[in-house]
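Order of listing sets the numbers, starting from 1, for every ligand and every atom in it.
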Amino acid sequence: MKILISACLLGEDVRYDGENSSIAFGKDFTFAEKEIFMDILCENEIYSFCPEVSGGLATPRDPAEIVNRTKPFIVKNKNDEDVTINFLIGARNTLDLCKNEDIKIAILKSKSPSCGNEKIYDGTFSKNLIEGQGLTAKLLIENGIKVFNENQLREIKLLLDY
Ligand code: SF4
């Protein structure tokens with residue numbers, strides 16, 4: 001099975017702060033969760049991708065949040081600069097990759113304004129989480145791709161049935 005995974009979850013230093021969100025080395029994951037993740041990596045064809053870097057943003061970069069969650073979307077960074085176009089290009093590039101490679105499953109980083117599949121920050125930079133999706137996760141889901149986050153590894157395991 002082909003699976004797209006947020007590059008930061010695979011240990012690439014592409015996060016806004018120049019760090020990563022590695023599952024394999026993350027202290028927030030149990031040994032059992034790491035084992036499931038390693039099984040997923042070993043048993044499948046993995047595509048590592050960062051929508052924000054793909055959309056032309058530098059690393060490190062200022063953190064950004066979605067300030068208008070309905071069309072027309074508006075994404076701004078903490079300096080009030082409009083980075084919407086970068087987020088939209090990144091989302092489009094991610095979908096293009098999935099379509100070109102026939103990828104039907106993605107594991108994306110939770111809470112990100114690009115990758116979050118269930119919750120995102122509310123656009124006020126006050127650490128307030130709300131129900132919602134990042135622009136990339138939203139576009140993938142709208143196009144029939146199953147999107148999970150790093151806290152749903154057991155659900156992915158069930159889906160992959162091993
Ligand atoms: S855009 Fe996605 S892959 Fe890139 S750093 Fe943010 S959460 Fe990770």
* To do: State whether Cys50 contributes an N/O/S atom found under 2.8 Å from atom 4 (Fe) of ligand 1.
  =>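 Yes.
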Which of the numbered atoms in ligand 1 are under 4.0 angstrom from any heavy atom belonging to [X]?
| X | result |
| --- | --- |
| Pro51 | 1 (S), 2 (Fe), 3 (S) |
| Lys109 | 7 (S) |
| Glu52 | 1 (S), 6 (Fe) |

* Any N/O/S atom, backbone or side chain, of Cys8 lying under 2.8 Å from atom 8 (Fe) of ligand 1? ->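 It does; at least one qualifying atom falls short of 2.8 Å.
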* Asked: Just checking, any donor-acceptor pair under 3.5 angstrom between side chains of Ser110 and Glu118?
  ->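 The criterion, which ignores hydrogens and geometry beyond distance, is not satisfied for Glu118 and Ser110.
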* To do: Check whether the side chains of Asn20 and Ser22 place a donor and an acceptor atom closer than 3.5 Å, and report yes or no.
  => no
Please state which part of [X] comes within less than 4.0 Å of ligand 1, counting heavy atoms only: side chain, backbone, both or neither.
| X | result |
| --- | --- |
| Glu19 | neither |
| Ala7 | backbone |
| Tyr16 | neither |

Got a salt bridge between [X] and [Y], using NZ or NE/NH1/NH2 to carboxylate O under 4.0 Å?
| X | Y | answer |
| --- | --- | --- |
| Glu52 | Arg61 | yes |
| Asp13 | Arg15 | no |
| Lys109 | Glu150 | yes |

* At what distance is the nearest protein heavy atom to atom 2 (Fe) of ligand 1, and which residue and atom is it? -> Cys115 SG, 2.3 Å
* Asked: Which heavy atom of the protein is the closest neighbour of atom 3 (S) of ligand 1, given with residue, atom name and distance?
  -> Ser6 CB, 3.5 Å
* How far apart are the C-alpha atoms of Glu131 and Lys119, what are their side-chain angles, what is the distance that settles it, and do they pass the salt bridge (Lys or Arg N to Asp or Glu O under 4.0 Å) test? -> CA-CA 4 Å; Glu131 299 290 321; Lys119 290 182 187 293; 2.9 Å; yes
* To do: Start with the C-alpha distance between Leu140 and Thr94, add both sets of side-chain angles, then the distance that settles side chain to side chain contact (heavy atoms under 4.5 Å, CB included), and finish with yes or no.
  => CA-CA 8 Å; Leu140 297 193; Thr94 313; 4.1 Å; yes
